[in-house]
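The next block holds one structure in the form of structure tokens; read it before the comments.
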Amino acid sequence: MKIVKSQMIMNRALVMLTLLFLAGCYSTTRLSNQNLSYLYWKESGILHPKYTVYHVSDSVSKVFCYIKPDELLFSRNDGTGEFTASYTIHYRLLPSYESKEVLDSATHKFNPSKAEAKSAILKEIKFKTPKKGNLLLEVSVSDMQRKQTVRSFINITKAGVDNRQSFLVYKRSEDRPLFKNYLSEQEKINVLSELDGVERLLLKYYKSKFPISSPPFSVKVQPPFNVKPDSLANIHLEDGKMSITFLDAGIYHLISDTGTNGGITFFVYDNDFPKLTQPEELIGPLRYITTRQEFSEMKLLESKKLAVDNFWLNVTGNPDRGRKIIRHFYGRVEEANRYFSSYLEGWKSDRGMIFIVYGPPDVVYKNSNAESWTYGEEGNITSVNFTFYKADNPFSDNDFRLSRSVIYKNSWFHAVDAWRQGIMY
């Protein structure tokens with residue numbers, strides 16, 4: 001059984017790498033018809049570039065691309081004797097996942113030496129954007145020496161000047177843009193905005209805590225977000241710049257127009273996020289694979305570390321197996337936080353719940369308003385399919401809600417039982 005599973009994983013990895021390298025062949029195919037499951041497979045490639053977009057004006061935007069040098073292949077140049085890499089950044093601006101129309105595109109080639117690359121590679125590329133509307137930016141980074149390509153997709157918001165991409169955020173300790181949608185407590189940032197005529201912004205703070213998702217067969221609906229802020233503060237811009245320090249965990253919404261829900265939102269979590277490191281934090285995700293009574297008893301124990309250790313020891317039977325399955329389980333929790341965090345931690349979200357219990361999906365289709373995930377072969381009657389619909393959320397475009405159904409009950413308990421037998425599902 002283990003040999004068969006290992007071979008399946010190897011075959012899937014080879015397919016992923018082939019798909020990534022042949023990404024350019026899809027230029028005439030709608031993205032909504034392509035399997036994008038590699039986006040949720042950390043092991044699908046060596047390259048893991050990060051991006052952020054900033055609108056310079058009504059018609060021009062920038063995409064900032066951050067690449068770790070150790071993810072590129074450097075080889076000796078016969079002419080100079082230097083070690084150099086060769087990679088390209090290609091972008092296409094599309095109306096949506098469903099459209100074949102290309103609004104703008106270009107390819108940029110770079111050949112940095114190892115001495116030039118040092119600890120980070122940061123590139124900024126300008127592209128043309130319409131004045132209004134929602135768009136999709138596809139960006140591909142290709143290591144020409146490894147013959148590997150990885151594609152990423154960025155939602156572009158041009159619905160009015162007051163939107164999150166009208167702000168460029170820097171960590172005050174680093175001279176580069178911020179490439180994540182979450183921050184830590186006490187973190188200090190600088191914000192750049194070139195909004196015409198704006199000298200003062202309003203910062204709304206929400207300290208709300210949110211419950212985790214209910215099982216996929218449950219009819220319980222996620223409660224609506226409380227739109228009443230816990231506090232307000234005025235932030236003044238000097239030459240289009242401002243500095244902010246986030247003292248507490250919560251949601252911070254920065255806007256210039258109180259009559260809209262635009263602006264930029266900062267999600268501030270614990271300092272070790274996206275990892276969970278404290279024993280009391282480690283208990284939370286176990287709710288997905290424990291009974292209500294088990295979970296309540298764990299929460300009541302004075303030593304939360306002992307509660308977590310005892311659970312996994314009872315599940316696996318020995319410390320060595322326990323350490324292995326703990327690494328896999330909380331590795332998925334961390335990845336869920338990276339992929340799916342928005343107004344709540346990614347592990348608490350509907351997609352995070354499914355990702356943790358079932359693992360990365362085999363097939364993913366995306367469109368402008370939904371994602372569909374398949375576990376197993378596409379079209380196979382024994383496969384499990386989930387559909388997530390994009391929620392209307394003023395703070396994030398990364399909030400998707402599962403279409404729940406009683407048909408998931410058997411599949412869910414089968415997956416949970418596997419974990420409770422010490423098997424990574």
Under the ring-ring contact (aromatic ring centres under 6.0 Å, His included) rule, collect the residues that match up with [X], sequence neighbours excluded.
X      : result
Phe388 : Trp373
Phe127 : Tyr91
Tyr375 : Tyr358

Is there a side-chain contact between [X] and [Y] in this structure, where contact means two heavy atoms from C-beta onward sitting under 4.5 Å apart?
X      : Y      : answer
Val63  : Ile89  : no
Met353 : Pro216 : yes
Tyr51  : Ser152 : yes
Arg404 : Ser214 : yes
Val191 : Phe266 : yes
Leu237 : Ser193 : yes
Thr149 : Ser140 : yes
Leu47  : Pro49  : yes

Quick check: closest heavy atoms across [X] and [Y], and the distance to 0.1 Å?
X      : Y      : value
Phe74  : Ala117 : CZ-CB, 3.9 Å
Thr129 : Leu93  : CG2-CD2, 4.1 Å
Pro361 : Trp41  : O-NE1, 3.1 Å
Ala106 : His90  : O-ND1, 3.1 Å
Val364 : Asn35  : N-OD1, 2.9 Å
Gly422 : Val315 : N-CG1, 3.4 Å

Item to complete: Look at Glu187 together with Lys171 and state whether they make a salt bridge at an N to O cut-off of under 4.0 Å.
Response: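 Counted as a salt bridge, because a side-chain N and a carboxylate O are separated by less than 4.0 Å.
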Worksheet entry | Ion pair check, Glu345 and Lys348, cut-off under 4.0 Å |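 Between Lys348 and Glu345 there is a salt bridge, with a charged N closer than 4.0 Å to a carboxylate O.
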Worksheet item: In this structure, are over 12 heavy atoms from other groups packed under 6.0 Å from His108 atom NE2?
Response: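 Count over threshold, so yes.
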Worksheet entry | Heavy atoms from other residues, nucleotides or ligands near NZ of Lys188 exceed 12 (cutoff 6.0 Å) |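 It does not: Lys188 NZ has 12 such atoms or fewer within range.
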Just by modelled atom types, is the [Y] backbone N or O under 3.5 Å from a matching donor or acceptor in the [X] side chain?
X      : Y      : value
Gln165 : Thr157 : yes
Lys50  : Phe64  : no
Ser383 : Glu377 : yes
Gln148 : Ile46  : yes
Asn190 : Lys241 : no
Glu101 : Pro95  : no
Glu82  : Ser113 : no
Ser213 : Asp350 : yes
Asn337 : Trp347 : yes
Trp419 : Val357 : yes

Worksheet item: Among pairs that include at least one residue of residues 415-425, which meet salt bridge (Lys or Arg N to Asp or Glu O under 4.0 Å), considering only residues two or more places apart or in two chains?
Response: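 Output for this query lists Glu294-Arg420.
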Worksheet item: Which of these, Leu202, Ile244, Thr265, sits in a side chain to side chain contact (heavy atoms under 4.5 Å, CB included) with Leu254?
Response: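 Passing option: Ile244.
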Discussion item. With side chain to side chain contact (heavy atoms under 4.5 Å, CB included) as the test, pick out the partner of Arg351 among Leu402, Ile356, Asn398.
Written reply: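 Going through Leu402, Ile356, Asn398 one by one, the side chain to side chain contact (heavy atoms under 4.5 Å, CB included) with Arg351 is satisfied by Asn398 alone.
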Rounded to the nearest 0.5 Å, what separation is found between the [atom1] atom of [X] and the [atom2] atom of [Y]?
X      : Y      : atom1 : atom2 : value
Ile67  : Glu71  : CD1   : CD    : 8.5 Å
Lys68  : His48  : NZ    : NE2   : 9.0 Å
Asn155 : Asp397 : CG    : CG    : 5.0 Å
Leu247 : Gln186 : CG    : CD    : 5.5 Å
Leu136 : Asn367 : CG    : CG    : 11.0 Å
Phe167 : His55  : CZ    : NE2   : 11.0 Å

[X] side chain to [Y] side chain, donor-acceptor N/O pair below 3.5 angstrom:
X      : Y      : answer
Glu98  : Ser96  : yes
Asn380 : Thr382 : yes
Asn393 : Arg401 : no

Worksheet item: Is the ring centre of Phe386 less than 6.0 Å from the ring centre of Tyr408?
Response: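 Between Tyr408 and Phe386, which both carry aromatic rings, the centre distance is below 6.0 Å.
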Worksheet item: Do Phe217 and Phe413 have their ring centres less than 6.0 Å from each other?
Response: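 Here the rings of Phe413 and Phe217 have centres that are less than 6.0 Å from each other.
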Worksheet item: Is there a side chain to side chain contact (heavy atoms under 4.5 Å, CB included) between Glu116 and Phe110 once you walk through the steps?
Response: CA-CA 12 Å; Glu116 292 171 335; Phe110 305 95; over 6 Å; no
Discussion item. Evaluate Lys123 against Tyr87 for side chain to side chain contact (heavy atoms under 4.5 Å, CB included), listing each step before the verdict.
Written reply: CA-CA 12 Å; Lys123 297 295 179 183; Tyr87 70 94; 3.3 Å; yes
Discussion item. Does Thr316 form a side chain to side chain contact (heavy atoms under 4.5 Å, CB included) with Lys324? I'd like the steps, not just the answer.
Written reply: CA-CA 10 Å; Thr316 59; Lys324 185 175 180 180; over 6 Å; no
Discussion item. What verdict does the side chain to side chain contact (heavy atoms under 4.5 Å, CB included) test give for Tyr288 and Leu286, after you've listed the backbone C-alpha separation in whole Å, the side-chain angles of each residue and the deciding distance to 0.1 Å?
Written reply: CA-CA 5 Å; Tyr288 293 136; Leu286 292 179; over 6 Å; no
Worksheet entry | Partners meeting side chain to side chain donor-acceptor pair (under 3.5 Å) with Arg338 (sequence neighbours left out) |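 So Arg338 forms a side chain to side chain donor-acceptor pair (under 3.5 Å) with Glu334.
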Worksheet entry | Option from Phe267, Phe210, Tyr252 for which ring-ring contact (aromatic ring centres under 6.0 Å, His included) with Tyr343 holds |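 The ring-ring contact (aromatic ring centres under 6.0 Å, His included) with Tyr343 is passed solely by Phe210 among Phe267, Phe210, Tyr252.
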Discussion item. Classify the ring geometry of Phe395 against Tyr206: parallel below 30°, tilted from 30° to 60°, perpendicular beyond 60°.
Written reply: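 Judged by the thresholds at 30° and 60°, the geometry between Phe395 and Tyr206 is perpendicular.
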Item to complete: Identify, with sequence neighbours excluded, every residue that meets side chain to side chain contact (heavy atoms under 4.5 Å, CB included) alongside Asn271.
Response: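 Asn271 satisfies side chain to side chain contact (heavy atoms under 4.5 Å, CB included) with Ser184, Glu185 only.
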